Amino acid sequence: MIAGSGIALAIFIFVGVLSFQTMVQNGEDRAWVTHTHLVIEKLDTVLANLLDAETGQRGYILAGEQSELEPYNEALAHVHQNVSDLRALTADNATQQRALDRLEPFIAKMLATLQERIAIRDRDGLDAAAEEVRKGAAELHMQEIRAGIGGMRQEENRLMLIRTEHSEASSRKTTVMIVTAGCLAVVFLGLAAVFLGQRLEQRQRSEEIRRLNIDLERRVSERTAQLSERAKELERSNADLQQFAYVASHDLQEPLRMVASFTQLLAKRYGDKLDNDAREFIDYAVDGATRMQTLISDLLDYSRVGAQGNSLKRTECQDLFDRVLLSLKIIIEESKAVITHDPLPVVLADPLQLGQLFQNLLANAIKFKSEAPPRIKISVEESGSDWKFSFYDNGIGIAPEHADRIFIIFQRLHSRTEYPGTGIGLAICKKIVERHGGRIWVEPSPEGGSAFCFTIPAVPVQTQEEREQNELRIPVTAH
Ligand code: ADP
């Protein structure tokens, strides 16, 4: 747009300069044409002077009256001045100067002849003067003068023609250039106007987008504020619920223990006094109470993860894993399970919870075994800023459509008669992993079973010695 306006402005300036130059040129051309007219006029005046002088002289010779000499005297008084004007006017033209050089002697001779005749008329009378006139010397000079002036006129006419043509040609050229440049300027101005229009439209559009953005940002921040308020509410109600679950399951334990132990006492003391049906009913009651105890204890474990977790600290996974293997020693031996693992890292964790996570996953891998003895492999790798643990087993596997469901509390894929359990173990695992800032999921294992994977942030962890050394390095200033 700026380029277009700039070009249009440059063209306008060019047209202005051109017009000015043309005006100056035309002025000069006109001055020359005028000058030519002046020269021609002067030539005519000189000729008229000479004719007047001759007419005056003739009148005097015929009438002998002094008054007849007036045109002669008048012409004589001006002719020299006019001739010298002529010389000055044609000073720039060598041809005319040469013609004037040739003309002047004839003028002088002509005037001398006229003067001679007047003197003869005065001295010798009319007849002698008439005789002199009849000789025709002055007429001969006059012929030369006419021819000379005619030549000079022709030269001036020729110059006038050239100058007029030159002036017209330059006018024509300038007109063409002005018209062309004007058209170009109009085109560039038009283009600049189009660009300006586009820029305006663009600006309006970006203004509109900016307004929409501001509106969107406002709505997003309003929505974010609402969401964070909802999140806080949710957090509060979660904490309340957790507290409630903890208190409820904790407080339920005691009456339940009483129900179970007194029912067992009843069976023990009065078993022989009861009939078979009564003993069977008591067995059911004991079984129900025991199951409820397990359920409540699992529920308590679950609610403890959030409510009673220890702070995270430097945890040697290898030590933790060894302890878990020890506590699972019996079922490992019974099932003939083979467990292998990669070198285990040191992480920042709640050791009790991380141990429970390892234990739940290992116990499940053994519990949900297939026909073959369980083969469990634990791989550990760094994935971005996390450690990724994968527990591969060769068990019964999990259909992909149940992959999410199994991490929800009380969700089980089998009946208790097939596989015992409460359906809380994986929910606890998920809660523990999330508390440590990771995520957990299940995928099919290449060996046909399942692979339970979870991540845990790989933060740099200092040993106690490193910490002590660092503390020693910090200079302590006493105040
Ligand atoms: P529970 O073991 O008490 O049933 P969990 O929460 O530990 O409860 O497991 C939920 C369900 O996920 C189990 O009932 C089982 O169907 C399935 N599951 C868990 N671990 C495995 C595994 N390693 N292989 C196959 N299925 C499993």
Side-chain angles (χ1 to χ4, degrees), residues 242 245 249 253 256 287-306 309 321 324-325 327-328 330-342 352-380 388-436 438-455:
Q242 216 159 298
S249 43
Q253 268 186 327
L256 197 60
D287 182 47
T290 319
R291 261 197 298 132
M292 204 158 169
Q293 266 181 322
T294 325
L295 205 62
I296 284 176
S297 133
D298 282 358
L299 207 56
L300 204 59
D301 284 347
Y302 179 77
S303 56
R304 269 196 194 118
V305 173
F321 198 73
V324 171
L325 286 183
S327 68
L328 293 176
I330 296 171
I331 62 163
I332 292 173
E333 280 172 4
E334 274 175 6
S335 63
K336 300 192 173 53
V338 178
I339 303 171
T340 56
H341 63 80
D342 288 345
L352 267 180
Q353 291 186 350
L354 195 60
Q356 190 169 7
L357 175 64
F358 288 165
Q359 180 159 331
N360 285 4
L361 294 178
L362 281 177
N364 274 353
I366 295 169
K367 180 161 67 171
F368 297 102
K369 71 187 186 68
S370 54
E371 297 293 304
R375 258 200 334 276
I376 304 162
K377 189 186 143 216
I378 295 116
S379 80
V380 183
K388 183 185 166 202
F389 289 73
S390 307
F391 284 58
Y392 296 97
D393 66 42
N394 60 340
I396 57 172
I398 297 168
E401 62 267 28
H402 300 311
D404 289 331
R405 195 157 78 85
I406 54 169
F407 292 99
I408 298 170
I409 192 164
F410 301 134
Q411 292 290 331
R412 310 193 68 235
L413 303 180
H414 308 95
S415 68
R416 257 186 320 105
T417 44
E418 285 176 286
Y419 296 97
T422 53
I424 293 180
L426 286 180
I428 289 178
C429 291
K430 184 167 182 320
K431 221 170 169 192
I432 290 173
V433 169
E434 283 173 359
R435 192 187 158 227
H436 284 76
R439 60 188 195 91
I440 186 167
W441 69 98
V442 67
E443 52 190 47
S445 164
E447 301 226 8
S450 354
F452 278 85
C453 311
F454 69 87
T455 59

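First listed ligand is number 1; within each ligand, the first listed atom is number 1. If you're wondering where the values come from, they're calculated on a predicted model, not measured in any experiment.
Taking 4.0 Å as the cut-off, G423 counts as a neighbour of ligand 1 on heavy-atom distance.
Counting atoms of ligand 1 from 1 in the listed order, those under 4.0 Å from a heavy atom of S450 are 22 (C), 24 (N), 25 (C). Against a heavy-atom cut-off of under 4.0 Å, G425 is close to the following atoms of ligand 1: 5 (P), 6 (O), 7 (O). Against a heavy-atom cut-off of under 4.0 Å, H414 is close to the following atoms of ligand 1: 16 (O). Close contacts between ligand 1 and I396 involve ligand atoms 25 (C) [criterion: under 4.0 Å to a heavy atom]. Numbered from 1 in the order shown, with element, the atoms of ligand 1 that lie under 4.0 Å from a heavy atom of L413 read 14 (O), 16 (O). Of all the atoms in ligand 1, the ones that sit under 4.0 Å from a non-hydrogen atom of G421 are 3 (O). Heavy-atom contacts of G397 reach the following atoms of ligand 1: 25 (C) (cutoff under 4.0 Å).
Nearest to atom 20 (N) of ligand 1 by heavy atom, out of I376, I428, N364, I408, is N364. Nearest residue to atom 11 (C) of ligand 1 from Q411, R416, E418, K367 is Q411 (criterion: closest heavy atom).
Of the protein's non-hydrogen atoms, F368 CZ, 3.3 Å is the one closest to atom 13 (C) of ligand 1. Annotation: atom 4 (O) of ligand 1 to nearest protein heavy atom, R412 NE, 2.7 Å. When only non-hydrogen protein atoms are considered, atom 26 (N) of ligand 1 lies nearest to I398 CG1, 3.4 Å. Here the protein heavy atom with the shortest distance to atom 12 (O) of ligand 1 is I406 CG2, 3.4 Å. Summary of contacts: the protein heavy atom closest to atom 6 (O) of ligand 1 is L426 N, 2.8 Å. Summary of contacts: the protein heavy atom closest to atom 23 (N) of ligand 1 is D393 OD2, 3.0 Å.
For F452, no nitrogen or oxygen atom sits less than 3.5 Å from a nitrogen or oxygen atom of ligand 1, counting backbone and side chain alike.
Heavy atoms of other residues, nucleotides or ligands lying less than 6.0 angstrom from CG of D287 number more than 12. For R405, the CZ atom sits in a packed shell: over 12 heavy atoms of surrounding residues, nucleotides or ligands are nearer than 6.0 Å. Within 6.0 Å of NZ in K369 there are more than 12 heavy atoms belonging to other residues, nucleotides or ligands.
Looking at R412, its side chain does come within 3.5 Å of a backbone N or O of P420 through a donor-acceptor pair. Judged by distance alone, the side chain of D342 and the main-chain N or O of V380 form a donor-acceptor pair under 3.5 Å. In this structure, N394 contributes its side chain and R375 its backbone to a donor-acceptor pair below 3.5 Å.
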- Message: If you apply the rule ring pair (Phe, Tyr, Trp, His ring centres under 6.0 Å), what do you find for F358 with F321, and how did you get there?
- Response: CA-CA 7 Å; F358 288 165; F321 198 73; 5.7 Å; yes

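Between F389 and F454, the ring center distance clears the sub-6.0 Å criterion.
Within the 4.5 Å cutoff, no side-chain heavy atoms of I440 are placed close to those of C453.
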